[in-house]
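Heads up: the structure comes next, in structure tokens.
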Amino acid sequence: MGGRLLETFLSFFHRSEQHIEDLMDFGGPVMWPLLAVSLLLWTLVLERYWFFLHALPKFLERPVPPPHSSAATIGMAEMKIALRRHLRLIKTLSGILPMLGLLGTVTGIIETFDLIRLFGSAETRIVARGVSQALITTLAGLVMGLFGVGVFYNLNRRARAFERRYAERLLQP
Amino acid sequence: MKLLRVLRFLRTAAVWAVFAAFPPSVLAAPEAQAEQPASPSEAEARLTTELAAREELFLSIRESAANLKPYYQQLVLAGDAASQRELIDRLSDSRHIPTADELTQLFASLQNQLDALGSVSTFRAPVYAPNGQASEKEVLRLGGFTFLSEGRYLAYSPEVDRLIELSRQPAPNLLDLARDYARADARSLASVAIDPSSGQTLQLIVQIPNLRERIAQGGIVGYLILGLAGFAYALAGYRFVELTRIGQRIRNQLQSPRPRLDNPLGRVLARLDQADTNEEEVLYLTVEEALSREQARLERVLPFLKLVAAIAPMLGLLGTVTGMIKTFQAIALHGSGDPKLMSGGISEALVTTVEGLVTAIPILLLHSLLMGKSQTLTALLEAHASAALAARLERRNPPADEDNRSPGSV
């Protein structure tokens with residue numbers, strides 16, 4: 001039973017690997033930076049969620065310094081820095097991804113024009129390849145970018161909420 | 001593989017011609033006829049039929065040879081190319097009467113070519129370099145598809161009957177494939193690029209512009225964008241190093257009790273120490289002024305990076321528009337019949353767009369990173385400065401006043 005499950009999983013993994021390879025092949029050279037930026041975005045997002053859901057509750061259990069002391073001021077500032085870390089980068093990366101998609105579109109169209117110049121426009125398959133390359137990168141860029149924007153708003157809301165809670169704790173021990 | 005099929009068919013035809021149409025009785029006819037004298041009219045009739053039969057045979061041989069001729073002119077022939085071409089010329093000549101020996105030679109030559117087309121082989125041949133120098137080189141022949149020599153692609157030129165090194169070689173990854181293939185072990189498998197159209201596609205592919213030509217296609221706007229990008233990258237690198245060093249110095253400052261003047265926090269603390277007053281409001285203003293100056297220093301250049309990130313795609317759009325204007329002018333002058341006339345403007349339009357995006361994307365990323373760094377430092381600075389201020393006020397005032405911090409209480 002377990003062997004069959006593993007086999008099913010492996011075949012599924014293999015199939016999806018093939019799909020990804022096909023996709024990378026169709027999308028052309030811009031797919032690689034797109035993939036790299038998406039992976040970076042995912043890593044940062046996962047790190048943030050781990051921080052908010054796992055590290056932060058533990059941190060809040062620690063005793064707070066007395067209010068209006070210098071330690072409280074510094075603690076509040078460091079808390080703010082920790083909460084806001086990577087958030088700006090996540091926002092920028094979600095903005096960059098659609099731009100990379102657009103870059104892929106333009107390079108795809110350049111390739112199409114090159115091939116048309118060499119082989120003439122009679123061969124529709126050549127044109128279709130360039131255009132599909134253009135569209136796939138746009139699709140990938142938009143999907144990943146929209147995902148990043150949505151996650152950014154959630155993370156930003158969480159950061160603000162925690163900031164308020166921490167400030168309240170500092171003022172009313 | 002059409003060529004291979006034709007060759008195979010022609011070889012079969014030639015074999016058939018040699019073995020079926022040259023029965024021994026025909027070849028040995030003169031002696032046989034001399035032994036059996038016949039009546040003149042009978043002999044005449046026989047002669048006519050035999051001549052007619054032979055004429056048909058010669059005709060088909062000539063036709064086959066004429067069909068083969070273009071292939072023999074386009075191909076790099078294995079073996080002695082000159083004599084094979086001469087043989088084909090002779091056989092297709094209408095005044096020449098083919099002999100059995102020549103047909104055997106043709107058969108052997110066809111066999112030879114088929115073997116060469118179906119296998120990977122190496123041979124030594126004179127190769128013309130792009131500068132016109134001919135030299136004898138080891139050439140790797142991949143069937144009827146592609147010729148490689150020393151990791152470079154060759155093309156056969158029928159006009160001079162020589163292999164010519166392509167003056168522009170295809171993309172580096174294809175060249176690497178060719179070089180690795182030549183070095184690979186003969187018994188193992190190795191991948192290599194072949195050109196199924198026997199050199200024509202390769203010669204078209206190398207016309208696709210390389211990076212330098214692409215940049216040249218971008219025109220003035222393209223160079224402007226690239227210049228801006230280089231400047232912005234240099235500034236961003238400089239700021240990155242500087243901010244890292246400032247962060248390190250602030251951390252050092254936190255360890256040491258005395259304010260040092262080589263970092264923003266030290267400078268703010270020094271201003272606070274120098275302030276010779278107990279007025280709380282004056283102290284606040286002093287610290288705030290010092291902080292805002294340090295913050296401006298920390299964020300230096302960053303607005304410029306943001307500006308470049310915003311301007312670069314717009315410049316790309318500008319290039320697009322100028323390129324499209326060129327295209328439409330070309331259409332207005334020459335009509336839209338020839339896509340080559342329009343391609344210059346279209347290339348400029350697209351290349352500048354790419355350059356604008358390629359500039360803007362990394363600079364946006366760098367700006368975000370640097371902004372995060374500088375804001376972290378600013379927040380740290382503010383926190384430590386206000387902590388130092390609070391500590392100083394505590395020292396000057398009795399502890400009882402701590403909760404009541406309005407300026408009037410001093």
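By convention in this document, chain letters (A, B, ...) are assigned in the order of the sequence lines, proteins followed by strands, and residues within each chain are numbered from 1. This is a predicted model, so every value here is computed, not measured.
Side-chain contact between Ser374(B) and Leu302(B): present, with at least one pair of heavy atoms (C-beta onward) separated by less than 4.5 Å. For the pair Tyr233(B)/Pro362(B), a side-chain contact is recorded, criterion being any heavy-atom separation below 4.5 Å from C-beta on. Counting heavy atoms from C-beta outward, Met31(A) and Ile136(A) have side chains that approach closer than 4.5 Å. The side-chain heavy atoms of His384(B) and Ile250(B), taken from C-beta on, include no pair separated by under 4.5 Å. Taking the side chain as every heavy atom from C-beta outward, Val321(B) and Ile325(B) approach each other to under 4.5 Å. Within the 4.5 Å cutoff, side-chain heavy atoms of Val358(B) are placed close to those of Leu103(A).
Residue contact with chain A, scored on non-hydrogen atoms closer than 4.5 Å, involves the side chain of Gln375(B) exclusively. For Ile346(B), the part lying near chain A is the side chain, with the backbone staying farther off; criterion is any non-hydrogen pair under 4.5 Å.
For chain A, the option among Ser347(B), Ala388(B), Ala387(B) with the highest count of heavy-atom pairs below 4.5 Å is Ala387(B). Comparing Val37(A), Thr105(A), Leu102(A) by how many heavy-atom pairs each has under 4.5 Å with chain B, the most go to Leu102(A).
Contacts with chain B (heavy atom to heavy atom, under 4.5 Å) involve no residue of residues 151-158 of chain A. Within residues 76-101 of chain A, the residues having any heavy atom closer than 4.5 Å to a heavy atom of chain B are Ala77(A), Glu78(A), Ile81(A), Arg88(A), Leu89(A), Thr92(A), Leu93(A), Ile96(A), Met99(A), Leu100(A), listed by residue number.
For Ala232(B) against Ile363(B), the heavy-atom pair with the smallest separation is CB-CD1, 3.3 Å.
A side-chain donor-acceptor contact under 3.5 Å links Arg392(B) to the backbone of Leu272(B). Side-chain atoms of Ser368(B) do not come within 3.5 Å of backbone N or O of Leu364(B) as any donor-acceptor pair.
The environment of Lys373(B) atom NZ is dense: over 12 non-hydrogen atoms of other residues, nucleotides or ligands sit within 6.0 angstrom.
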Report the C-alpha distance between Phe12(A) and Thr8(A) in whole Å, list the side-chain angles of each, state the deciding distance to 0.1 Å, and finish with yes or no for side chain to side chain contact (heavy atoms under 4.5 Å, CB included). CA-CA 6 Å; Phe12(A) 172 76; Thr8(A) 324; 5.8 Å; no
